[in-house]
Amino acid sequence: MPRRYWLMKCEPSAYTIDDLARDGHTCWEGVRNYQARNFMRDDMQVGDGVLFYASNADPSGVTGVAEVVKVGYPDHFAWKKGHKYFDARSPKSEPVWVMVDIGFVERLGETVSLATLKAMSGLGSMMVTRKGSRLSVQPVTKKEFDIVVRRGRRTPSPS
DNA sequence: GCCAACGTTGGC
DNA sequence: GCCAACGTTGGC
């Protein structure tokens with residue numbers, strides 16, 4: 001299976017690329033959308049590249065690179081009563097929701113903002129640049145991945 | 001904080 | 001199966 005590429009969104013109030021740099025790896029819990037779930041469950045493979053996207057940020061955009069380090073497995077947060085990701089419809093016996101683990105690869109020296117993504121050539125069909133695109137896990141092409149990463153490296157990372 | 005766009009739910 | 005109502009996402 002050839003290496004695939006993804007964009008994964010997260011609000012900075014929940015988790016940032018700096019958090020991932022500190023932790024080394026993390027589980028990507030809380031995805032409660034079937035299309036996103038299917039990507040994680042059916043298509044993600046260890047080694048796949050991930051654009052780490054900060055949503056609801058100032059500015060929103062790609063802040064770093066990660067990679068898939070563990071393929072889809074049950075999101076056990078769905079089993080925690082009282083937890084915000086608890087979902088009675090996803091019991092241990094028949095899990096509905098899935099998560100993957102991602103590992104830190106690099107922090108981009110320059111956030112590639114949504115405005116930049118929209119303005120750059122070659123990214124016109126990227127899902128995230130399209131109005132109303134709310135999917136939190138999206139496939140991207142290798143070409144798009146490379147364009148974004150190269151742009152983000154234009155400014156050296158401070159670390 | 002506003003609100004448009006979207007996904008999901010549930011009545012019928 | 002249709003679709004209105006609702007809740008959520010996320011840019012601005």
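Bear in mind the structure is a predicted one, so any value in this text is a computation, not a measurement. Atom set for the values below is all heavy atoms of this structure, side chains included, hydrogens, waters and symmetry mates excluded. Naming convention: chains lettered A, B, ... in sequence-line order (proteins, then strands); numbering from 1 in each chain.
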Quick one: list whatever passes side-chain contact (heavy atoms from CB on, under 4.5 Å) with [X], sequence neighbours left out.
X	value
Ser93(A)	Pro91(A)
Ala14(A)	Cys10(A)
Arg154(A)	Glu110(A), Arg151(A)

task = Return the set of residues passing ring-ring contact (aromatic ring centres under 6.0 Å, His included) with Tyr53(A) (not counting sequence neighbours), or none when no residue passes.
result = none

query = Which residue lies toward the 5' end of DNA chain B, Asn56(A) or Ser133(A), if each is placed at its nearest nucleotide?
reply =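 Its nearest nucleotide lies further toward 5', so the answer is Asn56(A).
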
task = Identify whether any heavy atom of Arg89(A) sits under 4.0 Å from a base atom; if not, whether one sits that close to sugar-phosphate; answer base, sugar-phosphate or nothing.
result =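 Answer is sugar-phosphate: Arg89(A) comes under 4.0 Å of backbone atoms only.
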
query = When you list every nucleotide of DNA chain B with an atom under 4.0 Å from a heavy atom of chain A, which one comes first 5' to 3', and which comes last?
reply = dA5(B) to dT9(B)

request  = Any side chain to side chain donor-acceptor pair (under 3.5 Å) involving residues 20-30 of chain A? Give me the pairs, sequence neighbours left out, ordered by first then second residue.
outcome  =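 Every side chain to side chain donor-acceptor pair (under 3.5 Å) pair that includes a residue of residues 20-30 of chain A, provided the two are not neighbours, is Tyr15(A)-Asp23(A), Asp19(A)-Arg22(A).
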
